[in-house]
Visitor: 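Just passing along the structure, written as structure tokens.
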Amino acid sequence: MPVKVDKNLCNGCGNATEPRCVRVCPGDLLFKDSANRCAVRDPRDCWDCAACIKECPRQALEMYLPVQIGGRGATLKAKSEQGVLSWFLTKPDGTTETFIIKTRTEKSQS
Ligand code: SF4
Ligand code: SF4
């Protein structure tokens, strides 16, 4: 399933010539369109790695989960902050669930 871009939330990462999502996509599938918004070059080539979703600072990207995992129409967004990655699951019935993952270990005190 390709990622979906919310054109109302995406601001093209401002004036960046290479937005954060574009920079991290391993398949070079994302680009800035003429309206300064993220767009997907060839959606069929997206392999759902979620790298762009974790990288977007405005939560403008989301992906559909496979039916076997989330049910038909379940979507996933993410928000990455210092040391914490939050996943926001929206289920087919519209209810939501958040999963918070610590991404860095504290510095050792020794
Ligand atoms: S990282 Fe987010 S805000 Fe920036 S261009 Fe990509 S989708 Fe838009
Ligand atoms: S999910 Fe992965 S492959 Fe698909 S557009 Fe985002 S970064 Fe590229």
Side-chain angles (χ1 to χ4, degrees):
M1 273 291 179
V3 296
K4 276 193 343 180
V5 184
D6 185 331
K7 304 276 183 181
N8 293 316
L9 290 177
C10 174
N11 69 350
C13 286
N15 293 325
T17 49
E18 190 177 53
R20 293 167 63 155
C21 59
V22 173
R23 201 167 54 227
V24 299
C25 178
D28 194 23
L29 301 177
L30 304 176
F31 67 101
K32 244 186 184 185
D33 65 16
S34 57
N36 198 41
R37 299 289 183 269
C38 171
V40 187
R41 205 185 309 283
D42 190 343
R44 291 168 302 179
D45 284 345
C46 172
W47 56 81
D48 298 335
C49 71
C52 57
I53 291 168
K54 291 187 282 185
E55 195 66 18
C56 178
R58 295 176 60 83
Q59 290 72 58
L61 297 172
E62 68 179 348
M63 61 194 288
Y64 283 105
L65 287 173
V67 173
Q68 297 90 335
I69 295 176
R72 191 170 301 282
T75 60
L76 199 58
K77 281 189 170 197
K79 183 176 188 179
S80 185
E81 296 167 300
Q82 189 78 32
V84 175
L85 176 63
S86 303
W87 289 103
F88 307 107
L89 167 68
T90 301
K91 300 176 190 175
D93 65 3
T95 58
T96 60
E97 206 169 332
T98 302
F99 303 90
I100 297 173
I101 298 166
K102 204 171 172 187
T103 55
R104 293 186 192 161
T105 54
E106 299 296 326
K107 273 191 175 171
S108 167
Q109 297 300 310
S110 60

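When a ligand or atom number is given, it counts from 1 through the structure's own listing order. Bear in mind the structure is a predicted one, so any value in this text is a computation, not a measurement.
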Visitor: Mind checking the CZ-SG spacing from F31 to C25? Nearest 0.5 Å is all I need.
Guide: 12.0 Å
Visitor: Measure across L61 and C56 and return the closest heavy-atom pair with its distance rounded to 0.1 Å.
Guide: CD1-CB, 4.2 Å
Visitor: To check your reading of the model: name the closest protein heavy atom to atom 4 (Fe) of ligand 2, its residue, and the distance in Å.
Guide: C46 SG, 2.4 Å
Visitor: Between P19 and ligand 1, which residue portion shows a heavy-atom distance shorter than 4.0 Å: side chain, backbone, both, or neither?
Guide: side chain
Visitor: Short list, please: which atoms of ligand 2 are under 4.0 Å from a heavy atom of P26?
Guide: 7 (S)
Visitor: I need the nearest protein heavy-atom contact for atom 2 (Fe) of ligand 2: residue, atom name and distance, please.
Guide: C49 SG, 2.3 Å
Visitor: Counting from 1, what ligand 1 atoms have a heavy atom of P57 closer than 4.0 Å?
Guide: 1 (S)
Visitor: Test your reading of the model: is there a side-chain donor-acceptor pair from K32 to the backbone of A16, 3.5 Å cut-off?
Guide: yes
Visitor: Can you tell me if K77 uses its side chain to pair, donor with acceptor, with the backbone of Q59 under 3.5 Å?
Guide: yes
Visitor: Considering only the protein, which heavy-atom contact is closest to atom 1 (S) of ligand 2, and what is its distance?
Guide: A50 N, 3.3 Å
Visitor: Ignoring hydrogens and angles, tell me if any N or O in the side chain of R37 forms a donor-acceptor pair with the backbone of G12 under 3.5 Å.
Guide: no
Visitor: Closer than 4.0 Å to some heavy atom of C56 - which atoms of ligand 1 meet that?
Guide: 1 (S), 2 (Fe), 3 (S), 7 (S)
Visitor: I'd like to check which ligand 2 atoms, numbered from 1 as shown, lie under 4.0 Å from a non-hydrogen atom of C25.
Guide: 3 (S), 5 (S), 7 (S), 8 (Fe)
Visitor: Is the shortest distance from a Lys or Arg side-chain nitrogen in E55 or R20 to a carboxylate oxygen in the other one below 4.0 Å?
Guide: yes
Visitor: Run the numbers for me: atoms of ligand 1, each under 4.0 Å from some heavy atom of L61, listed by number.
Guide: 7 (S)
Visitor: Should we say atom OH of Y64 is surrounded by more than 12 heavy atoms from elsewhere, each under 6.0 Å from it?
Guide: no
Visitor: Rounded to the nearest 0.5 Å, how far does SG of C49 lie from CG of L29?
Guide: 8.5 Å
Visitor: What do you reckon, does A16 put a non-hydrogen atom under 4.0 Å from ligand 1?
Guide: no
Visitor: Which protein heavy atom lies closest to atom 6 (Fe) of ligand 1, and at what distance to 0.1 Å?
Guide: C21 SG, 2.4 Å
Visitor: Would you call D33 and K7 a salt bridge, taking side-chain N to carboxylate O under 4.0 Å as the test?
Guide: yes
Visitor: State if V5 counts as touching ligand 1 under the rule of any non-hydrogen atom under 4.0 Å.
Guide: no
Visitor: Has C52 got an N/O/S atom less than 2.8 Å from atom 4 (Fe) of ligand 2?
Guide: no
Visitor: Which atoms of ligand 1 sit under 4.0 Å from any heavy atom of N11?
Guide: 3 (S)
Visitor: Any idea which atoms of ligand 2 are less than 4.0 Å away from a heavy-atom of W47?
Guide: 3 (S)
Visitor: For K91, is there an ion pair with D93 - N to carboxylate O distance below 4.0 angstrom?
Guide: no
Visitor: Heavy-atom contact check, 4.0 Å cutoff: does V3 meet ligand 2?
Guide: yes
Visitor: Regarding C10, does it place an N, O or S atom less than 2.8 Å from atom 8 (Fe) of ligand 1?
Guide: yes
Visitor: Would you say the side-chain atoms of T103 pair up with the backbone N or O of G83, donor to acceptor, closer than 3.5 Å?
Guide: yes
